[in-house]
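In what follows, every chain begins at residue 1, and chains take the letters A, B, ... in the order their sequences are listed.
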2 protein chains.
Amino acid sequence: MTSKQEFIEKLRNSSLRPTKQRINICEVLFNRDKTFHFTISDLFNLIKDKTGEKISLATVYNTVHAFHKKGYLKEIPINSNQTYFDTNVTDHHHFFDVKEEKLIDLKNEDIGPIEIQKSIPGKKIKSVEVLVKLED
Amino acid sequence: MTSKQEFIEKLRNSSLRPTKQRINICEVLFNRDKTFHFTISDLFNLIKDKTGEKISLATVYNTVHAFHKKGYLKEIPINSNQTYFDTNVTDHHHFFDVKEEKLIDLKNEDIGPIEIQKSIPGKKIKSVEVLVKLED
DNA sequence: TTCCTTGTTTATAATTATTCTAAAGAAGAT
DNA sequence: ATCTTCTTTAGAATAATTATAAACAAGGAA
Ligand SMILES: [Mn+2]
Ligand SMILES: [Mn+2]
Ligand SMILES: [Zn+2]
Ligand SMILES: [Zn+2]
């Protein structure tokens, strides 16, 4: 449970002005026990439901990208018509339930270390992500 | 090197009528040594260059999805504004050069077997894909 | 062949996710 | 209170993809 004050400080420390909208979005995104996987439209709808206040879609996009740029959100590569984001910004892997269109975190020990035996001259590894698709 | 006749048979066997357009697309896609990673617009442009004949964009979409449905093409999960396809339909992993926006196949032995230690009741694993992002 | 049915191509319109624009509003500094 | 800069917003613009429906081509039967 993070207090509104803490979000305000975190925003200020990130040189993001603590607006009403951003604080609401923080509360929806980060006041949770578990990691949260979402699309912009998930979030847009959830804000209306949880806070009662409507935030414009443009602001939701702006804020998600601001948070993403600051490293508070992660983008998850899935083939879908919508971009998925994740409040768990650590390096980790996923199940993707194709039918439910739901992402599930895997702990690193659920997969174990991945040793990449190949390299490309002049390039270095930025991230390693495993996506395990699930069906019924 | 696959002959036009073989493509015609393969199309017939898949209950896809061997039209001029489909045969051309087969030649562009499948007459190669190495696996080919592409977006629809890559393919659209390449067809014009390689065959001289222009195929409508709608037909390129239709054909790629027909081939995808038949299992002759694979969709690669990357976060990009465009969908990537792959002529290598076996289970395999990728480097993605973020700057060049290019996919590179990894052999399975470049990564080694991935043991997934977690399971979700009622669900089974459909695919396991590793995406390694590369930067300079 | 010719005719018929069904599948295919195509231009174009529609849809959808995302980004852009520019004006109004709010935050923070002085 | 005033000024500057950042933010929000509605709405327009963009871009990938999908849908529509008319013209066309393939394959089978007569
Ligand atoms: Mn996650
Ligand atoms: Mn590949
Ligand atoms: Zn982003
Ligand atoms: Zn497809």
Side-chain angles (χ1 to χ4, degrees), chain A residues 4-5 7-28 37-48 51-70 72-73 75-85 101, chain B residues 4-5 7-28 37-48 51-70 72-73 75-85 101:
Chain A
K4 183 181 275 196
Q5 247 339 287
F7 289 131
I8 290 175
E9 278 159 35
K10 190 168 183 185
L11 286 166
R12 281 226 180 80
N13 293 337
S14 317
S15 12
L16 295 171
R17 289 186 182 169
T19 62
K20 182 161 52 94
Q21 292 86 341
R22 284 175 176 163
I23 296 163
N24 280 344
I25 292 176
C26 281
E27 287 184 323
V28 171
H37 301 106
F38 64 97
T39 65
I40 296 285
S41 93
D42 290 339
L43 179 56
F44 180 73
N45 292 314
L46 204 53
I47 290 163
K48 277 188 301 202
T51 73
E53 311 188 33
K54 188 227 174 196
I55 296 180
S56 86
L57 186 58
T59 298
V60 179
Y61 273 99
N62 289 341
T63 304
V64 166
H65 281 123
F67 289 1
H68 180 220
K69 196 178 277 180
K70 294 291 176 184
Y72 304 142
L73 291 173
E75 228 178 295
I76 306 298
I78 319 175
N79 275 121
S80 156
N81 45 337
Q82 284 172 88
T83 304
Y84 275 76
F85 293 92
E101 291 194 299
Chain B
K4 182 181 273 198
Q5 251 333 293
F7 289 131
I8 291 175
E9 278 159 37
K10 191 169 183 183
L11 287 166
R12 281 226 180 80
N13 292 338
S14 316
S15 13
L16 295 171
R17 288 187 184 170
T19 63
K20 181 162 52 95
Q21 292 86 341
R22 283 176 177 162
I23 295 162
N24 281 342
I25 292 176
C26 281
E27 288 183 324
V28 171
H37 301 105
F38 63 96
T39 64
I40 296 286
S41 91
D42 290 339
L43 179 57
F44 180 72
N45 292 313
L46 205 52
I47 290 163
K48 276 189 301 204
T51 72
E53 310 190 33
K54 188 225 173 198
I55 296 180
S56 86
L57 186 57
T59 298
V60 178
Y61 273 100
N62 289 340
T63 304
V64 165
H65 282 122
F67 289 1
H68 180 221
K69 196 178 276 179
K70 293 293 176 181
Y72 305 143
L73 290 173
E75 229 177 295
I76 306 298
I78 319 176
N79 276 121
S80 156
N81 45 337
Q82 285 172 89
T83 304
Y84 275 77
F85 293 92
E101 292 195 298

Side-chain N,O (Lys54(A)) to OP1/OP2 (dA10(D)) below 4.0 Å: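 For dA10(D), OP1/OP2 do have a side-chain N/O of Lys54(A) under 4.0 Å.
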Presence of Tyr61(A) side-chain N/O under 4.0 Å of dT19(C) phosphate oxygens OP1/OP2: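 For dT19(C), neither OP1 nor OP2 has a side-chain N or O of Tyr61(A) closer than 4.0 Å.
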Sugar-phosphate, base or nothing in reach of Ser41(A), heavy atoms under 4.0 Å: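 No contact.
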Sugar-phosphate, base or nothing in reach of Thr59(A), heavy atoms under 4.0 Å: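 Base contact - Thr59(A) has a heavy atom under 4.0 Å of at least one base atom.
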Nearest 0.5 angstrom please: [X] [atom1] to [Y] [atom2], how far?
| X | Y | atom1 | atom2 | value |
| --- | --- | --- | --- | --- |
| Ile55(B) | Asn62(B) | CD1 | CG | 11.5 Å |
| Phe44(B) | Leu57(B) | CZ | CG | 5.5 Å |
| Phe67(B) | Ser14(B) | CZ | OG | 8.0 Å |

Five-pair end axes of the helix from dT1(C)-dA30(D) to dT30(C)-dA1(D), angle between them (10°):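 So the angle between the two local helix axes works out to 20°.
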Any Phe85(A) side-chain heavy atom under 4.5 Å of Leu43(A) side chain: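 Not in contact.
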Nearest-nucleotide pick for [X], side chain only, options being [options]:
| X | options | answer |
| --- | --- | --- |
| Ile55(A) | dG27(D), dT10(C), dT9(D) | dT9(D) |
| Pro18(B) | dA17(C), dA26(D), dT8(D) | dA26(D) |
| Thr63(A) | dT9(C), dT18(D), dT8(D) | dT8(D) |
| Ser56(A) | dA10(D), dA19(D), dT9(C) | dA10(D) |

Check: dT6(C) base within 3.5 Å donor-acceptor of Arg17(B) side chain: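 Such a pair is found, so the answer is yes.
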Arg22(A) vs Leu57(A), nearer the 5' end of DNA chain D by closest nucleotide: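 Its nearest nucleotide lies further toward 5', so the answer is Arg22(A).
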Sole candidate of Thr59(B), Asp42(B), Ile25(B) that passes side-chain contact (heavy atoms from CB on, under 4.5 Å) when paired with Ile47(B):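 One option only clears the test, and that one is Ile25(B).
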